[in-house]
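Presented below is the structure to which this report refers.
Chain letters run A, B, ... following the sequence lines, proteins first, then strands; residues in each count from 1.
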Amino acid sequence: MVLSSSCLDVAMSERRKQYPFDEIEPKWQHYWETHASFRTPNPGDSDFDSTRPKFYVLDMYPYPSGQGLHVGHPEGYTATDIVARYKRKKGFNVLHPMGWDAFGLPAEQHAIKTGEHPRINTEKNVANFRRQLKRIGFCYDWAREINTTDPAYVKWTQWIFLQLYHSYFDAEAGKARPVKELQAKGWTRDQIDSVRLAYVDEIPVNWSPDLGTVLANEEVEEWRSKGHTVERRPLRQWMLRITAFAERLLDELEGLDWPEGIKLLQSNWIGRSEGAGVRFQVSGQEEVIDVFTTRPDTLYGATYMVLAPEHPLVDEITTPAQRDAVEDYRRGCASKSELERTELAKEKTGVDTGGFAVNPVNGEEIPVWIADYVLMSYGTGAIMAVPAHDARDHEFATEFGLPILEVVRQEESTVDSPRSTADDSEDRGCFTGEGVAINSPLFDGLPTPEAKAKITAWLEKKGLGEKTVNYKLRDWLFSRQRYWGEPFPILWEDGRHHAVDEGELPVVAPEMEDYKPTGSPEPLLSKAVEWVRYADTVRRETNTMPQWAGSCWYYLRFCDPGNDARLAGEEAERYWMTGESPGTDAAGAAGRGANNPGGVDLYIGGTEHAVLHLLYARFWHKVLYDLGHVSTPEPFQKLVNQGLILGEDGQKMSKSRGNVVNPDDVIEDYGADSLRLFEMFMGPLEQVKPWSTKGVEGVYRFLARTWRVFMHSDQEGNWGLSDKIRDCEATKGQLTVLHRAIKKVTGDIESLSFNTAISEMMKCVNEFTQAEQLPARELATFLHLLNPFAPHISEELFSQLGARFPNYASGLLAHQPWPDHDESYLVEDEIQLVIQVNGKVRDRILVSAEATEEDLKALALESEKVKQFADGKTVRKVIVVPGKLINIVVG
RNA sequence: GCCGACGUGGCGGAACUGGUAGACGCAACGGACUUAAAAUCCGUUGGAGGGCAACCUCCGUGCGGGUUCGACUCCCGCCGUCGGUACCA
């Protein structure tokens, strides 16, 4: 028989609560709020303590969806909360803020349906999220709450955009600089426009008429599957020149304390590859085809060329005889999305243009084709095809009967290496590895690396090419046609763009009659005719920014969220990002080692943001750094990804599977402390792990047992401090288990191993549970350990204990210093030692801690068990690992 | 295909830098309390075999090899699960 979940709910709520979490949790939340217990002063505030080091611990702030929190949110949030509370008790100034990434399509979709301003729905959702988070007892400094849709916030998002707009990348200095410097040098307006970090370009985008917006490549499939149409068409778009920073974004990853996997993901995304640019003269024409290749050493094997169908030279090169075929093919490609083009890539397709180009290395004429396996968006949009040494070219050449010329021979040593030779010829039919050049008169016999260098130098000398570094990273398509996003602070006049005056920021979108898409690629804001018309001849830009914009810098705003004069006050920004503050340089700098580039000390969030958000934020941060607006080159010093929480069935949580767990329900039944504790007890933070209601009950029982160690209920069911608690000496066993816990919990919080920290606290409580009388002082110490994990119950017990034992428990537990362990309680005078014979455990003996190695050897050899197993054999070796074991090798 | 993570009892997971595998919790079983149940408290619990018994023996960290006195841990080769990515020249 299966009970429905609603039956279980009823059973649970009727069950008597094992401890009054439903009373104490709201009580302490109210206390913290009314006393502003977790308000964090900034440098300059009267209560700012400059002698303390700083710690900035940040969560990836949520998009406040209509569904409310799911149990995945509190996982990372609890982890950071524990660290924040711990660091505070350790004497740090802790910055631990929360806010809302509140622009976004769902709110706009709601507005389209209801005609209601998206702000109304957004605010409702924010209120719900805030309520839910407060109910979990997080120690955020709510005075620093921010909302990306708040005009006061939008103002600075737009201000940063203008910094990008007013800057260019100085390749020599490797830095962003104001375009003013170029004006001073006499550059023309057009020249300047062509180098701005924020620029306008006409590029093919994924346009969805019914959504009324362009979509990022990675969004296309999702919306298509929901029945929306998406087509490709060229549109005028705002772009951000992130590619200029590719090298720095890649190189400076190195100094960051991020998971290696994430660094690798970013570095692959940036996709640096070294090679050569080579120029091929088009036969009988002026035009030159530029290609990029990582294998210039295979130039002699280039038997044809391929241009992307959109390549600008296609028209010039195509011969009259081939024109119709080429046009047909190009039309076919244009109607396909990038995704379709790659998805349907089972067979290579393409058309001969009829034109030829000259291979610069040997003067041979080779045919020029177009094919959609060459992408306009990578490299130069054209390739030299070397079918003998590139799998794709090989496939294409085989398909269309183009010549294949071998120019690299696999070296003997690699041929001999163990691998199956049979399938090699079958699946690839070409050799793509490194070897020795053949059929290449200029450098026959040279190994690949040398051949590359030689041909590149030759090309450079002849002016036919040069060493080139290419990046996969593309410029960032930054404009959307939505309503619910930051408008661009840009005006248009006579076909030219201008920045809105800084004094006019923020540019706020107008109220609309309705929020329905225009049905054309015209942005929604173009319907607000009055607003668009800035002056007689001046119109406003009607695109809006993507959701990423706000999240690119929110961590900076938290340093000083109320500042109206700057994105964040200089002093506050420097203090929270570097630890330096006026008058406390020594103390502040101590928190930051010489190699520490500064930034947020701990940033926790999901892997889904491994690339885009983290890359975009790093990009903006570097621009702001170059322009002198922030003090560190990187925003996030240490990054940790929490693992996904699966449903109880081990499947991804989803509405359709019906396995979604709502934190509100968990709190209702077991309390916020149990929710927090279980989220941390499930397993390692970074790991994927399934939810378990039984597991929540387990930690709930632990908290109830903790409660009963301190509290005793009378006949009427009223709780009072237990009579067992005295001002007495703790037993040896209690001291050992407690100090072991102090040591373990301290180390485990530092290494974010919360699950094992909780185990250790459980052992502690198990020890206390059995005691006849309990030492008040040690119980108070235990509450310090529990406090970051279960702040409500620990605070309540601390205040109960303090009422009778004020010497051991006074003030707010959350503000009392973290305990230190005393190593002397952990030292045992007798150690249990394992005796192995040939690596197998045969006996265990108790020895004094002072026994020498010789003593131990003798003791081990005397053991009855050893004699039994070593009988008749020679002792060859005795290995003694002090404090651990003795291994006797016989044979 | 490529890249990354992972694989330990019935389950979630522990195990420091190579040194007693299975901490802690869940589930299960037995006992105490109770008229009874729930809750609580105490105990047992990797598998197989043996002993009246305290206990003893063998096997055991996905599979196959290797290094080592000793391997969950290091190396080589497979298999499987999950996540990311996709013609990047």
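- For the pair A/K840 NZ and B/G19 C1', the computed distance is 16 Å after rounding to whole Å.
- Between A/K652 and A/R295, the residue anchored closer to the 5' end of RNA chain B is A/K652, taking for each the nucleotide with the nearest heavy atom.
- Under the 3.5 Å distance criterion, the side-chain polar atoms of A/Q642 are matched with a main-chain donor or acceptor of A/G606.
- Using a 4.0 Å heavy-atom cutoff across all strands shown, A/Q770 reaches sugar-phosphate atoms only and no base atom.
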Kindly determine whether A/E75 and A/K689 satisfy salt bridge (charged side-chain N to carboxylate O under 4.0 Å, His left out), including the steps that lead there. CA-CA 11 Å; A/E75 188 190 14; A/K689 46 213 176 273; 2.6 Å; yes

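- Rounded to whole Å, the separation between the P atoms of B/U44 and B/U35 comes to 28 Å.
- Under the Watson-Crick or G-U wobble criterion, with both distances below 3.5 Å, B/A53 has no partner in any strand shown.
- Going from atom CD of A/E750 over to atom C1' of B/C16 covers 17 Å, rounded to whole Å.
- A/D843 has its CG atom 13 Å from the P atom of B/C55, to the nearest Å.
- Here the C1' atom of nucleotide B/A15 and the CG atom of A/N755 are 12 Å apart, to the nearest Å.
- Aromatic pair A/W719/A/Y19: centroids not less than 6.0 angstrom apart.
- OP1 or OP2 of B/C88 has not a single side-chain nitrogen or oxygen of A/R272 nearer than 4.0 Å.
- Here, B/C75 and B/G18 have their P atoms 11 Å apart, quoted to the whole Å.
- To the nearest whole angstrom, the two P atoms, one in B/A14 and one in B/G22, are 15 Å apart.
- Across all strands, A/N470 comes closer than 4.0 Å to no nucleic acid atom at all (heavy-atom distances).
- With its glycosidic angle more than 90° from 0, B/G66 is assigned anti.
- Phosphate proximity of B/G13 to A/Q687: present, with a side-chain N or O under 4.0 Å from OP1 or OP2.
- Using atom P as the reference point in both B/C82 and B/C72, the two lie 27 Å apart (nearest Å).
- At least one donor-acceptor pair under 3.5 Å links the side chain of A/N887 to the backbone N or O of A/G839.
- Within 4.0 Å (heavy atoms only), A/S692 reaches no atom of the nucleic acid at all.
- Applying the Watson-Crick and G-U wobble criteria (two distances, each under 3.5 Å), B/G4 pairs with B/C82.
- Nucleotide B/A89 is matched to nothing when pairs are restricted to Watson-Crick or G-U wobble geometry with both distances under 3.5 angstrom.
- Here, B/G83 and B/A28 have their C1' atoms 34 Å apart, quoted to the whole Å.
- Using the Watson-Crick or G-U wobble rule with both distances under 3.5 Å, B/C74 pairs with B/G66.
- In this entry B/G18 has no Watson-Crick or G-U wobble partner, no candidate having both defining distances under 3.5 Å.
- Taking the C1' atoms as reference points, B/C74 lies 37 Å from B/G50, given to the whole Å.
- When the nearest nucleotides of RNA chain B are assigned to A/V699 and A/K877 by heavy-atom distance, the more 5′-ward of the two goes with A/V699.
- Going from atom CZ of A/R474 over to atom P of B/A89 covers 12 Å, rounded to whole Å.
- What separates CZ of A/F292 from C1' of B/C88 is a distance of 9 Å, to the nearest Å.
- The base of B/C11 does not come close enough to the side chain of A/K694 for any donor and acceptor atom to sit less than 3.5 Å apart.
- Atoms CE (A/M682) and P (B/A14) sit 12 Å apart, rounded to a whole Å.
- Under a cut-off of 6.0 angstrom, the local environment of CD in A/E750 is crowded, with over 12 non-hydrogen atoms contributed by other residues, nucleotides or ligands.
- Pair assignment for B/U40 gives B/A32, based on Watson-Crick or G-U wobble hydrogen-bonding distances that are each under 3.5 Å.
- With rounding to whole Å, A/R392 atom CZ is found 15 Å from B/C2 atom P.
- The aromatic rings of A/F678 and A/W691 lie perpendicular to each other, with more than 60° between the two planes, well past the 30° mark.
- Distances shorter than 4.0 Å separate none of the side-chain N or O atoms of A/N268 from OP1 or OP2 on B/C88.
- Shown here is A/K263, whose NZ atom has more than 12 heavy atoms of other residues, nucleotides or ligands within 6.0 Å.
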